[in-house]
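Report on the following structure.
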Number of protein chains: 2
Amino acid sequence: MGDAAVLERAAPRRRDADATRAAILEAAKAQFARSGYDHTGLRDIAAAAGCDVALIKRYFGGKEGLFTEALKASFHPDRLKAWDRATFPRDVAAMMAGSPHAAEAQTQSFQFLLRAATSPTTAPLLNVAVQERFLAPIGEWLGGDEAAARARVLAAVFIGFLVERLIREAPLTGREREVFVERAAATFETVLK
Amino acid sequence: MGDAAVLERAAPRRRDADATRAAILEAAKAQFARSGYDHTGLRDIAAAAGCDVALIKRYFGGKEGLFTEALKASFHPDRLKAWDRATFPRDVAAMMAGSPHAAEAQTQSFQFLLRAATSPTTAPLLNVAVQERFLAPIGEWLGGDEAAARARVLAAVFIGFLVERLIREAPLTGREREVFVERAAATFETVLK
DNA sequence: ACGGCATGTCAATCACTGTTGACTTAAGCT
DNA sequence: AGCTTAAGTCAACAGTGATTGACATGCCGT
């Protein structure tokens with residue numbers, strides 16, 4: 001088994017600070033998104049990145065530093081611009097109807113944000129991030145004078161569906177799923193209107 | 001100061017298992033709502049309840065048991081029935097526009113819910129509670145065949161606004177507040193329709 | 001009054017986690 | 001090749017928090 005483990009790692013990664021740093025960051029993004037700030041151990045991240053815990057301190061200063069950087073790296077508001085305002089309601093509604101585990105990559109950054117919402121350590125960081133990287137872009141996307149307030153509403157609804165999906169246990173199926181998507185789409189429609 | 005502390009507690013509570021249990025539960029509800037599951041220490045709860053940590057184990061089995069019970073005790077779906085379906089959208093919208101700290105008592109149970117949503121330990125417990133004590137009553141309130149799916153949507157939107165308010169930093173004022181309330185009300189209107 | 005049991009207290013244990021400094025090893029340059 | 005330095009490893013530390021069992025004490029029935 002030890003041999004297998006060694007074999008799996010074709011190239012044990014020649015000493016490369018940048019690559020290691022990137023690996024840590026990637027692992028951190030995934031772990032933080034999956035388990036939240038509190039339930040993510042630095043040892044887990046290090047193991048996933050294939051390196052030692054001490055390197056996290058060296059490269060990121062500590063857990064909070066790593067989190068902050070992962071937060072920045074995890075959020076790509078550019079993706080917002082790719083959304084088509086016409087199909088947005090139904091697309092998002094369908095996404096929200098999916099299982100919490102499926103399409104995790106799509107929503108990793110949001111899960112990330114969400115899981116950060118309840119830790120006192122991360123709440124302040126989150127607030128800034130949401131403002132800069134969520135509300136502002138959404139407001140811009142919406143346009144108009146009342147963009148700020150309307151962005152808040154959109155953000156609220158968006159987050160709400162994320163949470164609902166997060167705590168949902170049994171997947172939505174059949175008629176229930178249809179109705180859910182339909183109503184959710186109608187809701188987003190109203191928000192955008 | 002020691003004297004003062006003693007004096008504050010007029011009756012150090014004669015030995016009464018029920019009263020102690022209730023005190024613990026009350027303290028737990030407040031603490032869990034304020035700080036979430038992870039950041040609430042049993043010692044804090046015990047201190048607030050004026051007893052020893054070990055009693056928590058005796059009466060509730062452990063932290064998780066205490067949480068489960070606090071979750072049940074914290075939820076009062078009866079309040080739903082008091083809501084008037086006609087004025088619901090605007091009432092709720094106005095409530096959501098309020099400051100996160102004001103009217104904390106009103107929303108303690110929801111804070112509680114919210115803080116539990118993002119912890120892996122409590123998410124399953126929460127799921128059951130939400131299903132039984134939130135979705136079911138809402139579904140009943142909404143009525144109709146598609147009540148279940150529509151209840152999910154309402155719950156999602158509701159929770160979303162709660163979160164938004166929770167992480168909001170500056171209070172909403174003036175025109176922004178007006179627009180927010182208006183848009184939020186319209187959203188709830190759509191959900192109920 | 002007194003003995004037994006419920007109630008409450010105390011301190012130790014155990015597991016976990018972030019942090020840290022000393023140590024080892026590989027890479028790259030002269 | 002040999003040396004220097006960055007890159008990576010290791011083990012220990014310190015703080016925390018839940019859990020636990022042994023112990024003390026007040027209450028109630030006899």
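All figures in this text were calculated on a predicted structure; none of them were measured in a lab. Just so it is clear: chains get the letters A, B, ... in the order the sequence lines come, proteins before strands, and each one is counted from 1. Note that these values count all heavy atoms, side chains included, but never hydrogens, waters or copies made by symmetry.
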Integer-rounded Å distance: [N] [atom2] and [X] [atom1]:
X	N	atom1	atom2	result
A/Leu42	D/dA14	CG	P	19 Å
A/Phe32	C/dT17	CZ	P	13 Å
A/Tyr59	C/dT19	OH	C1'	17 Å
B/Ile56	C/dT9	CD1	P	12 Å
A/Asp16	C/dT25	CG	P	21 Å
A/Ile45	D/dG8	CD1	P	17 Å
A/Arg58	C/dC23	CZ	C1'	12 Å
A/Asp18	D/dA6	CG	C1'	12 Å

Using residues 143-152 of chain B as the side-chain source, report each donor-acceptor pair under 3.5 Å to any protein atom, sequence neighbours left out, with the distance given to one decimal.
| from | atom 1 | to | atom 2 | distance (Å) |
| --- | --- | --- | --- | --- |
| B/Glu146 | OE2 | A/Arg175 | NH2 | 2.7 |
| B/Arg150 | NH2 | B/Leu192 | O | 2.8 |
| B/Arg150 | NH2 | B/Lys193 | O | 2.6 |
| B/Arg152 | NE | A/Glu164 | OE2 | 2.8 |

Closest nucleotide of DNA chain C for A/Asp38 versus for B/Asp52: which of these residues is on the 5' side?
->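 Taking each residue's closest nucleotide, the earlier one in sequence belongs to B/Asp52.
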Which residue pairs satisfy the side chain to side chain donor-acceptor pair (under 3.5 Å) criterion with at least one member in residues 52-65 of chain B, sequence neighbours excluded?
->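 Residue pairs passing side chain to side chain donor-acceptor pair (under 3.5 Å), neighbours aside: none found.
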At under 4.0 Å between heavy atoms, what does A/Ala17 touch on the DNA or RNA strands: base, sugar-phosphate, or nothing?
->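 Since only primed, P, OP1 and OP2 atoms lie under 4.0 Å of A/Ala17, the category is sugar-phosphate.
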Give A/Leu55 one of three labels, base, sugar-phosphate or nothing, depending on what nucleic acid heavy atoms sit under 4.0 Å from its own.
->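 If one applies the 4.0 Å heavy-atom cut-off, A/Leu55 turns out to touch a base.
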Counting only side-chain N and O atoms of A/Thr20, is one of them less than 4.0 Å from OP1 or OP2 of D/dA7?
->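 No.
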Counting only side-chain N and O atoms of B/Lys57, is one of them less than 4.0 Å from OP1 or OP2 of D/dT20?
->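 Looking at the OP1 and OP2 atoms of D/dT20, one of them is under 4.0 Å from a side-chain N or O of B/Lys57.
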Are [X] and [Y] side-chain neighbours, meaning at least one heavy-atom pair lies under 4.5 Å?
X	Y	value
B/Arg183	A/Val191	no
B/Phe161	A/Val153	yes
A/Ile24	A/Cys51	yes

Donor-acceptor under 3.5 Å (A/Arg115 side chain, A/Asp38 main chain) |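 No.
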Report each atom pair, protein N/O against N/O of nucleotides 26-30 of chain C, whose distance is under 3.5 angstrom.
| from | atom 1 | to | atom 2 | distance (Å) |
| --- | --- | --- | --- | --- |
| C/dA27 | OP1 | A/Arg14 | NH1 | 3.4 |

Considering heavy-atom distances to DNA chain D, does B/Ala54 or B/Tyr37 have its closest nucleotide positioned more toward the 5' end?
->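 Whichever sits nearer the 5' end wins; that is B/Tyr37.
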B/Phe88 and B/Phe188 aromatic ring geometry - parallel, tilted or perpendicular at 30°/60° bounds =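 If you compare the ring of B/Phe188 with that of B/Phe88, the planes turn out perpendicular.
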